[in-house]
Amino acid sequence: MAKRTKIKELLINPKIGVETNVKGWVRTKRGNKNVAFIAINDGSTIHNLQAVADLSKVNEDILKLVTTGACISVTGQLVASQGSGQSVELLVSDLEVLGEANPEEYPLQPKKHSLEFLREIAHLRPRTNTFGAVLRVRHAMIFAVHKFFNDKGFFNLHTPIITGSDAEGAGEMFRVTTLDPVNPPKNQDGKADFSQDFFGHETNLTVSGQLEGELGAMALSDIYTFGPTFRAENSNTSRHLAEFWMIEPEMAFYDLDDNMDLAEEFLTYLAQYALDNCIEDLNFLNERALEEEKNMKQEERSELSLIERLKFIVDNDFQRVSYTEAIEILRNSNQNKKKKFKYIIESWGADLQSEHERFLVESHFKKPVILYNYPKNIKAFYMRQNEDGKTVRAMDILFPGIGEIIGGSQREERYDVLKARIHEMDIPEESMWWYLETRKFGTAPHSGFGLGFERLMIFVTGMKNIRDVIPFPRTPGNAEF
RNA sequence: UCCUCCAUAGCUCAGUUGGUUAGAGCGGCUGACUGUUAAUCAGUAGGUCCCUGGUUCGAGUCCAGGUGGGGGAGCCA
């Protein structure tokens with residue numbers, strides 16, 4: 001019996017006339033009383049393999065079990081296809097059903113399903129063309145992230161998933177505890193006594209690996225983290241998940257400009273990698289998106305297709321604009337003067353709403369925008385203060401249709417300045433002692449940023465909802481599968 | 001969490017001013033067809049109209065509350 005060949009390999013290097021075995025899941029079966037055509041997909045590629053069964057040679061009882069969704073093993077001679085639509089096909093000599101799929105119950109049909117419906121059957125949706133393509137691209141992007149940093153001499157650092165510091169200020173956290181939820185030990189105030197908890201104090205799931213990442217950079221020069229991140233925010237949007245993956249490089253001796261250069265090079269590299277390595281899946285996703293937009297009004301359609309957008313990123317520099325310049329552009333915009341904005345920009349210091357970010361990216365510059373040097377009052381405590389006394393060396397990269405894809409900064413490396421800022425913002429200093437010590441012992445200028453991996457995936461796949469670019473999304477009220 | 005829209009067959013949806021037995025397309029099943037491409041053609045089965053309560057002679061349709069989902073906002077990556 002021939003050894004199993006993956007469909008991807010078989011299509012790249014077809015061995016015509018050779019007995020071949022293929023295993024996979026049935027997409028459709030068609031035919032008449034003489035011949036049956038079975039489309040098989042094994043997930044190795046977006047393409048199906050057509051198996052051709054001569055009904056006089058194949059057991060009809062077995063063929064009856066070959067229904068959409070069933071898993072089969074097919075052996076036969078690989079031949080050039082008589083039909084159009086595929087170059088090769090498999091003439092079935094041996095057919096085995098590995099796993100039946102009752103057609104009255106199997107929910108996936110050979111037709112287009114809504115993404116909302118597929119989310120409800122997340123255990124089966126990887127078997128669709130769309131999710132197969134998304135998951136293969138996702139893998140390629142994971143691999144490309146590691147390759148990019150490895151090629152640059154960065155070291156991957158595993159920062160903790162369970163953290164004891166509650167001062168990261170990046171949102172609500174999920175508590176980690178082994179205390180009895182019904183009858184926890186109580187302290188004198190009648191509250192749960194976390195000194196008796198597993199770690200001896202309160203612990204949570206991480207909301208960022210940045211602070212620990214900085215510790216790594218202060219020894220290895222250039223590090224990056226790529227791990228799961230958890231936010232217990234009650235966010236119900238197409239851009240937020242409670243559990244997502246984040247990439248956070250941290251570089252010693254980088255100033256804000258170096259940081260922006262790296263971030264732009266990184267995003268450009270990832271777009272190019274997708275074009276170079278995932279073009280078949282991207283072509284499918286491109287067509288899918290075009291098909292979907294056909295039902296939309298002209299003005300709601302994207303100006304560029306998915307593949308054109310990826311090429312655009314590769315070919316064009318990002319627009320770098322200081323916060324102060326951005327405020328001037330917004331204040332002088334017709335949108336602002338005609339009070340089309342819900343939040344009118346009146347003066348320097350205002351926090352930018354997503355309508356403003358969208359205006360800058362989608363209407364004004366029509367390209368990715370890097371905003372930098374924000375007012376210190378709207379940014380985190382660890383960002384490097386500028387000499388003007390009112391701004392910090394922060395930067396956000398804004399993408400069309402996604403908004404903020406990267407947030408980063410040069411870090412405050414001066415011990416006294418950092419300590420003063422911690423006090424100003426009422427952060428408990430004792431919980432930050434180890435972070436402060438990096439500024440006390442051999443401090444160095446350094447910078448870093450955070451890239452939301454699923455937001456990158458939205459950009460690269462053209463999917464609209466972040467729940468459709470991660471295999472098993474976690475959102476408020478949803479942790480099934 | 002707020003605003004807004006939605007929930008009818010396995011899926012996508014229609015269902016008139018509240019009126020008798022709730023429909024279509026796709027999918028499933030049965031059959032026809034000598035090579036199909038989401039095959040085609042014919043036939044057929046399939047319903048807790050999201051849940052609870054209310055108004056009414058009568059509710060898929062109206063009202064209240066709840067649950068679930070979409071889109072937008074805030075928070076952010």
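Please read all numbers here as calculations on a predicted model, not as lab measurements. Proteins come first, then strands; the chains are lettered A, B, ... in the order of their sequence lines, and each starts at number 1.
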Task: Per-pair stack call A:Phe453 and B:A77, 5.5 Å, 30° - done: no
Open item on the list: Can a donor-acceptor pair be found, under 3.5 Å and without considering hydrogens, that links the side chain of A:Thr67 to the backbone of A:Ala101?
Closed with: yes
Open item on the list: If only side-chain N and O atoms count, and only distance matters, is there a donor-acceptor pair under 3.5 Å linking A:Glu214 with A:His446?
Closed with: yes
Open item on the list: Using the P atom as the point on both nucleotides, what is the distance between B:U20 and B:G28, in whole Å?
Closed with: 33 Å
Open item on the list: Whether the side chain of A:Lys29 engages the backbone of A:Leu63 through a donor-acceptor N/O pair (distance < 3.5 Å, no angle test) should be reported.
Closed with: yes
TODO: Taking only heavy atoms on the protein side, list every residue of residues 24-32 of chain A lying under 4.0 Å from any atom of RNA chain B, sorted numerically.
DONE: A:Thr28, A:Arg30, A:Gly31, A:Asn32
- [ ] Give a yes-or-no answer on whether the side chains of A:Thr229 and A:Trp245 include a donor-acceptor pair shorter than 3.5 Å.
- [x] no
Task: Letter per nucleotide, 5' to 3', of nucleotides 45-52 of chain B [B base touched, S only sugar-phosphate touched, - untouched; heavy atoms, 4.0 Å] - done: --------
Task: B:G25 and B:G46, which share atom name C1', separated by this distance in whole Å - done: 15 Å
Task: Protein proximity profile, nucleotides 7-13 of chain B - base contact B, sugar-phosphate-only contact S, no contact -, cut-off 4.0 Å on heavy atoms - done: ---BBS-
TODO: Quote, to the nearest angstrom, the C1' distance that separates B:U8 from B:C49.
DONE: 4 Å
Open item on the list: Distance check, P atoms only: B:A42 and B:A24, in whole angstrom units.
Closed with: 14 Å
Task: Interatomic distance, A:Glu100 CD vs B:G28 P [rounded to whole Å] - done: 17 Å
- [ ] Inspect the contact between A:Glu454 and A:Arg138 and indicate whether a charged nitrogen and a carboxylate oxygen are less than 4.0 angstrom apart.
- [x] yes
Open item on the list: Can you check the distance between B:G74 and B:C57, where both ends of the measurement are the C1' atom (answer in whole Å)?
Closed with: 50 Å
Open item on the list: Less than 4.0 angstrom from a charged side-chain N to a carboxylate O is my criterion; do A:Glu412 and A:Arg421 meet it?
Closed with: no
Task: Same-atom distance (C1') from B:U1 to B:U55, integer angstrom - done: 33 Å
Task: The single option from A:Ile247, A:Ile313, A:Leu456, A:Leu310 passing side-chain contact (heavy atoms from CB on, under 4.5 Å) against A:Leu270 - done: A:Leu456
TODO: Taking the side chain as every heavy atom from C-beta outward, state whether A:Tyr374 and A:Thr391 have any pair of such atoms under 4.5 Å apart.
DONE: no
Open item on the list: With a 6.0 Å cut-off (strictly less than), is the heavy-atom count around NZ of A:Lys6, excluding the residue itself, greater than 12?
Closed with: no
Open item on the list: So, OP1 or OP2 of B:G69: does either fall under 4.0 Å of a side-chain N or O from A:Arg467?
Closed with: no
TODO: Check whether any side-chain heavy atom of A:Glu355 sits under 4.5 Å from a side-chain heavy atom of A:Tyr343, and report yes or no.
DONE: yes
TODO: Could you state the atom-to-atom distance from CG of A:Leu49 to C1' of B:U36 in whole Å?
DONE: 15 Å
- [ ] Could you verify whether a donor N or O on one side chain and an acceptor N or O on the other, from A:Asn129 and A:Arg27, lie under 3.5 Å apart?
- [x] yes
Task: For atom NZ of A:Lys33 and atom C1' of B:U40, their distance in whole Å - done: 16 Å
Open item on the list: Between P on B:A77 and CZ on A:Phe230, what's the gap in Å once rounded to a whole number?
Closed with: 16 Å
Open item on the list: Any donor-acceptor pair, under 3.5 Å, between the side chain of A:Arg239 and the base of B:A77, if you only look at N and O atoms?
Closed with: no
- [ ] Could you check how far CG of A:Leu65 sits from P of B:C29, rounded to whole Å?
- [x] 12 Å
Open item on the list: Is it the case that the side chain of A:Glu248 and the backbone of A:Gly209 share a donor-acceptor pair, with hydrogens and angles ignored and the cut-off at 3.5 Å?
Closed with: yes
Task: Test applied, side-chain contact (heavy atoms from CB on, under 4.5 Å); reference residue, A:Leu78; option that passes from A:Val18, A:Thr5, A:Leu10 - done: A:Leu10
Task: Given B:G27, B:C29, B:C76, the nucleotide with the shortest approach to the side chain of A:Pro110 - done: B:G27
Task: Near-strand residues of residues 72-99 of chain A, defined as heavy-atom separation under 4.0 angstrom from RNA chain B - done: A:Ser81, A:Gln82, A:Gly83, A:Ser84, A:Gln86, A:Glu89
Task: Distance, rounded to the nearest Å, where A:Asn465 contributes CG and B:G70 contributes C1' - done: 9 Å
Task: Side chain A:Ser235 and base B:C76 donor-acceptor under 3.5 Å - done: no
Open item on the list: By nearest heavy atom, map A:Tyr343 and A:Ile406 onto RNA chain B; which one lands nearer the 5' end?
Closed with: A:Tyr343
- [ ] Please test A:Glu60 against A:Lys64 for salt bridge (charged side-chain N to carboxylate O under 4.0 Å, His left out), starting from the C-alpha separation and ending with a verdict.
- [x] CA-CA 6 Å; A:Glu60 259 190 73; A:Lys64 268 200 162 162; over 6 Å; no
- [ ] Could you give the distance separating B:A7 and B:U52 at their C1' atoms, to the nearest angstrom?
- [x] 16 Å
TODO: Scan side-chain atoms only and decide if A:Ser333 and A:Arg331 contain a donor-acceptor pair under the 3.5 Å cut-off.
DONE: no
Task: Sugar-phosphate, base or nothing in reach of A:Leu241, heavy atoms under 4.0 Å - done: base
Task: From B:U30, B:A73, B:G28, nucleotide with atom closest to A:Thr237 side chain - done: B:A73
Task: Side chain of A:Arg119 - closest among B:A77, B:C29, B:G69 - done: B:G69
TODO: Considering only atom P, compute the distance from B:G66 to B:G23 and round it to an integer number of Å.
DONE: 34 Å
TODO: For the pair A:Arg320 and A:Asp261, find out whether any cationic side-chain nitrogen is under 4.0 Å from an anionic carboxylate oxygen.
DONE: yes
- [ ] Measure up the A:Phe399 and A:Phe318 rings against each other and bin them: parallel (under 30°), tilted (30 to 60°), perpendicular (over 60°).
- [x] perpendicular
Open item on the list: Less than 4.0 angstrom from a charged side-chain N to a carboxylate O is my criterion; do A:Glu303 and A:Lys366 meet it?
Closed with: yes
Open item on the list: In this structure, how many angstroms lie between the P atom of B:G35 and the CZ atom of A:Phe37, rounded?
Closed with: 7 Å
Task: Stretch residues 352-360 of chain A: residues that reach within less than 4.0 Å of RNA chain B through a heavy atom - done: A:Gln353, A:Ser354, A:Arg358
Task: Main-chain N/O of A:Leu306 paired with A:Asn286 side-chain donor or acceptor, under 3.5 Å - done: yes
- [ ] Tell whether A:Asn236 reaches the base of B:U1 with its side chain through a donor-acceptor pair below 3.5 angstrom.
- [x] yes
Task: Involving RNA chain B, stems made of at least three consecutive Watson-Crick or G-U pairs, both distances under 3.5 Å - done: B:1-7 with B:67-73, B:10-13 with B:23-26, B:28-32 with B:40-44, B:50-54 with B:62-66
TODO: Measure the distance from CD1 on A:Ile378 to P on B:C76 and round it to the nearest whole Å.
DONE: 10 Å
Task: Side chains of A:Ser302 and A:Glu293, donor plus acceptor under 3.5 Å - done: yes
Task: Short side-chain to backbone donor-acceptor contact, A:Asn259 and A:Asp255, under 3.5 Å - done: no
